[in-house]
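Numbers for residues simply follow the sequence, beginning at 1.
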Amino acid sequence: LLVTARLCLSCTLLCALWSCDFNKTDPARPQESTQLINEIKSYTTMREFMEAHPQAQVEPGRDGHPGDRWRSKYEVKEVIITNYSHFGQTGKLVVSFFNDRLMSTIFYPNDMHRYLSELKINGIEFKADSVDLSAHTLVRVGTDYQGNKYVDWEDKGLAKEMDEWIKRNA
């Protein structure tokens, strides 16, 4: 009887450990932010961003996952600033938050050719479709599914964390 009880207890402990997600993000753990477009930094919370940019509008939320004992939280929210300016060029800025941490900024300039010229003048030149500005910041040029041209400024660490969540849980 004692052997059976020990075996049951061992199995229970193994199951509990197996169900833990050791890759969960610890919100208390300090993270290194990186400079994105203008003075916008990654890891800014949505509340902090909205206080600094009251003209921004929150987009309707995407479906996410609130988190449970098997999977960590997954939530992506977007904020839009319609008349944003960067290097003298205006356009629409889409700011993405992954689990309430600013992950990327996507700028849709009204004149992409002029904007790319301004980026080059300011030391950001694309030899391909992307450039690493730092160990943590990736800048890409692209075209979205509607044919709109954009420049995306992304925190590589947060993007990797989101991709790993999808790989683990999809």
Side-chain angles (χ1 to χ4, degrees), residues 23 25-27 29-65 72-170:
N23 294 314
T25 301
D26 179 1
R29 187 178 75 207
Q31 301 293 333
E32 185 174 342
S33 69
T34 189
Q35 186 80 30
L36 300 177
I37 195 169
N38 277 341
E39 298 302 314
I40 298 174
K41 290 188 173 219
S42 64
Y43 285 94
T44 301
T45 67
M46 192 170 195
R47 186 175 134 258
E48 292 167 338
F49 184 83
M50 295 301 288
E51 287 173 358
H53 303 276
Q55 75 277 28
Q57 297 181 2
V58 179
E59 282 293 288
R62 297 185 199 170
D63 288 336
H65 187 275
S72 57
K73 176 182 170 183
Y74 179 90
E75 180 181 60
V76 176
K77 290 190 178 183
E78 290 183 344
V79 169
I80 293 179
I81 300 176
T82 53
N83 203 14
Y84 193 78
S85 179
H86 188 232
F87 292 138
Q89 302 300 309
T90 58
K92 178 174 82 170
L93 183 69
V94 179
V95 182
S96 296
F97 295 84
F98 173 59
N99 290 344
D100 198 30
R101 295 166 298 165
L102 198 153
M103 179 178 66
S104 69
T105 58
I106 303 171
F107 185 55
Y108 292 88
N110 294 335
D111 185 337
M112 179 61 102
H113 181 71
R114 283 175 123 180
Y115 184 60
L116 291 175
S117 295
E118 288 297 324
L119 288 176
K120 186 175 181 180
I121 289 168
N122 286 280
I124 302 171
E125 185 173 3
F126 296 94
K127 295 190 184 348
D129 63 348
S130 67
V131 61
D132 287 312
L133 282 191
S134 71
H136 303 286
T137 304
L138 176 68
V139 181
R140 292 181 293 236
V141 293
T143 305
D144 69 11
Y145 69 97
Q146 295 176 323
N148 301 311
K149 297 183 183 307
Y150 65 85
V151 177
D152 175 22
W153 307 67
E154 179 179 78
D155 181 303
K156 294 189 282 187
L158 279 174
K160 181 180 178 190
E161 184 181 320
M162 186 174 82
D163 290 343
E164 287 173 353
W165 191 100
I166 292 169
K167 287 176 188 172
R168 265 193 331 269
N169 298 293

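Here Tyr150 pairs with Tyr108 under the ring-ring contact (aromatic ring centres under 6.0 Å, His included) rule; sequence neighbours left out. Remark: Arg114 engages no residue in a side chain to side chain donor-acceptor pair (under 3.5 Å) (not counting sequence neighbours). Every residue was checked against the side chain to side chain donor-acceptor pair (under 3.5 Å) condition with Gln57, not counting sequence neighbours, and none meets it. For His136, the ring-ring contact (aromatic ring centres under 6.0 Å, His included) test picks out no residue, with sequence neighbours left out. Looking at residues two or more places apart in sequence or on another chain, you find a salt bridge (Lys or Arg N to Asp or Glu O under 4.0 Å) between Glu51 and Arg47. Judged as a side chain to side chain donor-acceptor pair (under 3.5 Å), and not counting sequence neighbours, Thr82 has no contacts. Every residue meeting the side chain to side chain contact (heavy atoms under 4.5 Å, CB included) condition with Ala56, not counting sequence neighbours, appears here in chain and number order: Phe49, Met50, His53, Val79, Ile81. Here Asp132 pairs with Leu138, Lys156 under the side chain to side chain contact (heavy atoms under 4.5 Å, CB included) rule; sequence neighbours left out. Every residue meeting the side chain to side chain contact (heavy atoms under 4.5 Å, CB included) condition with Thr90, not counting sequence neighbours, appears here in chain and number order: Asn83, Ser85, Asn110. Listed by chain and number, the residues in a side chain to side chain donor-acceptor pair (under 3.5 Å) with Thr137 are Thr34, Ser134 (sequence neighbours excluded). In this structure Lys120 satisfies the side chain to side chain contact (heavy atoms under 4.5 Å, CB included) test together with Glu125, sequence neighbours excluded.
Checked by atom type and distance alone, the side chain of Asp155 pairs as donor or acceptor with a backbone atom of Gly157 at under 3.5 Å.
Contact between Ser33 and Ser42 at its shortest, heavy atoms only, is CB-O, 3.1 Å. Nearest heavy atoms, Asn38 versus Tyr84: ND2-OH, 2.8 Å. Across Trp153 and Leu119, no two heavy atoms sit closer than the pair CZ2-CD2, 4.0 Å. Listed here is the closest heavy atom pair of Met103 and Leu158: CG-CB, 3.7 Å.
Side-chain contact between Phe126 and Val139 is present, with at least one heavy-atom pair separated by less than 4.5 Å. For the pair His86/Val151, no side-chain contact is recorded, criterion being any heavy-atom separation below 4.5 Å from C-beta on. In this structure, the side chains of Lys92 and Asn148 stay at 4.5 Å or more apart for every pair of heavy atoms. Taking the side chain as every heavy atom from C-beta outward, Asp163 and Lys160 never approach each other to under 4.5 Å.
Here OG of Ser96 is found 9.5 Å from CE of Met46. Values are rounded to the nearest 0.5 Å. Once rounded to the nearest 0.5 Å, the distance linking NE2 of His113 with NZ of Lys149 reads 12.5 Å. One finds the NZ atom of Lys77 at 10.5 Å from the CG atom of Asn99 (value rounded to the nearest 0.5 Å). For the atom pair CZ (Phe98) and OH (Tyr43), the distance works out to 9.5 Å, reported to the nearest 0.5 Å.
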Practice task
Check the pair Leu93 / Ile40 against side chain to side chain contact (heavy atoms under 4.5 Å, CB included), numbers first and verdict last.
Solution key: CA-CA 11 Å; Leu93 183 69; Ile40 298 174; 3.9 Å; yes

Exercise for the section: Under the side chain to side chain contact (heavy atoms under 4.5 Å, CB included) rule, what do Gln89 and Asp111 come out as? Steps first, then yes or no, please. Expected result: CA-CA 7 Å; Gln89 302 300 309; Asp111 185 337; 4.2 Å; yes

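Sorted by first and then second residue, the pairs that involve residues 133-148 and meet salt bridge (charged side-chain N to carboxylate O under 4.0 Å, His left out), not counting sequence neighbours, are Arg140-Asp152, Arg140-Glu154.
Annotation for Glu39: atom CD does not count as buried by contact number, only 12 or fewer foreign heavy atoms lying within 6.0 Å.
Partner of Val95 under the side chain to side chain contact (heavy atoms under 4.5 Å, CB included) criterion, out of Thr105, Thr44, Ile37: Thr105 alone.
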